[in-house]
Amino acid sequence: MDIDKDNPIAIKTKAFALRIIKLYQYLQESKNEHTLSKQALRSGTSIGANVREALRGQSKADFGAKMNIALKEAAETEYWLELLHEALYIDDNSFTSINADLSEILSMLTSIVKTTFKTNDRK
């Protein structure tokens with residue numbers, strides 16, 4: 001069984017990574033923007049990579065730690081996308097669309113991390 005094909009967060013983060021790759025290519029070719037887009041590419045593709053690692057974690061703690069890293073990468077990606085939008089490299093419609101996907105991922109990851117690290121489970 002391929003857990004990535006059946007897991008909603010794995011599916012969404014991989015699709016998001018592909019959107020980020022396309023955005024990066026567009027910004028490189030059409031806007032000649034290299035610095036911010038590279039940062040968004042790194043953090044945006046890292047979300048799914050950390051989710052995949054988490055799904056193959058050796059323990060609940062390993063799973064939680066990797067999901068928490070994915071959450072942090074998603075928050076960083078949100079920052080870079082905001083900068084690209086406010087610097088007028090991304091138009092309003094494109095930003096609204098990609099940010100909606102990211103917001104959903106952030107909500108899912110937040111829920112996963114909170115569920116994994118319930119306060120009564122910490123020792």
Side-chain angles (χ1 to χ4, degrees):
M1 180 177 108
D2 187 352
I3 57 177
D4 296 337
K5 289 184 180 176
D6 298 326
N7 189 295
I9 191 66
I11 293 165
K12 288 186 184 301
T13 56
K14 187 173 186 179
F16 183 78
L18 291 169
R19 281 194 80 180
I20 286 289
I21 291 166
K22 289 176 184 173
L23 175 63
Y24 172 75
Q25 291 169 333
Y26 165 77
L27 291 171
Q28 291 278 303
E29 295 167 8
S30 299
K31 301 287 187 172
N32 199 30
E33 198 298 310
H34 303 284
T35 306
L36 299 175
S37 59
K38 185 72 166 185
Q39 293 289 76
L41 176 70
R42 287 181 180 153
S43 61
T45 56
S46 180
I47 302 165
N50 280 289
V51 166
R52 183 167 285 190
E53 281 189 61
L55 294 173
R56 287 165 176 74
Q58 296 175 333
S59 64
K60 184 177 180 178
D62 188 28
F63 171 84
K66 288 296 181 187
M67 285 295 189
N68 197 45
I69 292 169
L71 177 59
K72 289 178 180 183
E73 293 291 339
E76 180 180 339
T77 303
E78 183 178 45
Y79 176 76
W80 296 121
L81 290 175
E82 288 171 359
L83 286 180
L84 285 163
H85 178 240
E86 292 173 24
L88 305 178
Y89 286 110
I90 303 174
D91 66 37
D92 290 342
N93 290 336
S94 297
F95 175 75
T96 299
S97 175
I98 199 165
N99 195 54
D101 287 351
L102 183 56
S103 293
E104 185 178 4
I105 289 167
L106 280 163
S107 293
M108 292 173 76
L109 288 170
T110 299
S111 178
I112 291 166
V113 169
K114 283 182 178 179
T115 301
T116 304
F117 293 118
K118 289 181 185 172
T119 53
N120 60 359
D121 288 347
R122 293 186 184 192
K123 296 184 181 187

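- When atom types are taken as modelled, the side chain of Thr116 and the backbone of Gly64 share no donor-acceptor pair closer than 3.5 angstrom.
- From Thr35, atom OG1 reaches atom CG of Leu84 across 10.0 Å, with rounding to the nearest 0.5 Å.
- Residues satisfying the side-chain hydrogen bond (donor to acceptor under 3.5 Å, both in side chains) criterion with Asn50, sequence neighbours excluded, are Ser46.
- Scored by the side chain to side chain contact (heavy atoms under 4.5 Å, CB included) test, Ser107 finds no partners at all (sequence neighbours excluded).
- What you find for Ala54 and Met67 is that their closest heavy atoms are CB-CG, 3.8 Å.
- Contacts of Lys66 classified as salt bridge (Lys or Arg N to Asp or Glu O under 4.0 Å), with partners at least two apart in sequence or in another chain: Glu53.
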Worked verdict on Arg42 versus Glu76 for side chain to side chain contact (heavy atoms under 4.5 Å, CB included) = CA-CA 10 Å; Arg42 287 181 180 153; Glu76 180 180 339; over 6 Å; no
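- Expressed to the nearest 0.5 Å, how far CD1 of Ile47 lies from CD of Glu73 amounts to 7.0 Å.
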Hey, mind stepping through Glu78 and Leu106 against side chain to side chain contact (heavy atoms under 4.5 Å, CB included) and telling me if it holds?
-> CA-CA 9 Å; Glu78 183 178 45; Leu106 280 163; 3.8 Å; yes
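- By the side-chain hydrogen bond (donor to acceptor under 3.5 Å, both in side chains) test, Thr45 is found to be paired with no residue, residues two or more places apart in sequence or in another chain being considered.
- Residues Gly44 and Thr77 share a closest heavy-atom pair of N-OG1, 3.1 Å.
- Hydrophobic clustering of Ile, Leu, Val, Met, Phe, Trp and Tyr side chains at less than 4.5 Å, counting indirect connections, unites Leu36 with Leu102.
- Between Pro8 and Asp6, the closest heavy-atom pair is CD-O, 3.6 Å.
- Considering CG of Leu109 and OG1 of Thr13, their distance stands at 7.5 Å, rounded to 0.5 Å.
- Summarising the geometry, atom CG belonging to Asn7 is positioned 12.5 Å from atom NZ belonging to Lys14; distances are rounded to the nearest 0.5 Å.
- Here the closest heavy-atom approach between residue Lys31 and residue Leu88 is recorded as NZ-O, 4.4 Å.
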Trace of the side chain to side chain contact (heavy atoms under 4.5 Å, CB included) decision for Leu41 with Trp80 | CA-CA 9 Å; Leu41 176 70; Trp80 296 121; over 6 Å; no
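- No continuous path of hydrophobic side-chain contacts links Ile69 to Val113 [ILVMFWY only; heavy atoms under 4.5 Å].
- Hydrophobic clustering of Ile, Leu, Val, Met, Phe, Trp and Tyr side chains at less than 4.5 Å, counting indirect connections, unites Leu27 with Ile21.
- Contact record, Ala70 with Val51: CB-CG2, 3.9 Å, taken as the closest heavy-atom pair.
- Here Gln28 pairs with His34, Ser37 under the side-chain hydrogen bond (donor to acceptor under 3.5 Å, both in side chains) rule; sequence neighbours left out.
- When side chains are defined from C-beta on, Leu83 does not count as touching Tyr89, because their heavy atoms never get closer than 4.5 Å.
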Taking only distance into account, with no hydrogens and no angle test, what donor-acceptor pairs under 3.5 Å do side-chain atoms of residues 90-100 form with protein atoms, sequence neighbours excluded?
from, atom 1, to, atom 2, distance (Å)
Asp91, OD1, Asn93, N, 3.2
Asp91, OD1, Ser94, N, 2.7
Asp91, OD1, Ser94, OG, 3.0
Asp92, OD1, His85, NE2, 2.7
Thr96, OG1, Asp92, O, 2.8
Ser97, OG, Arg19, NH1, 3.2
Ser97, OG, Arg19, NH2, 2.9

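- Using a 4.5 Å cut-off between side-chain heavy atoms of Ile, Leu, Val, Met, Phe, Trp and Tyr, with links allowed through other members, Ile20 and Tyr79 fall into the same hydrophobic cluster.
- The CG atom of Leu71 lies 10.0 Å from the NZ atom of Lys114; values are rounded to the nearest 0.5 Å.
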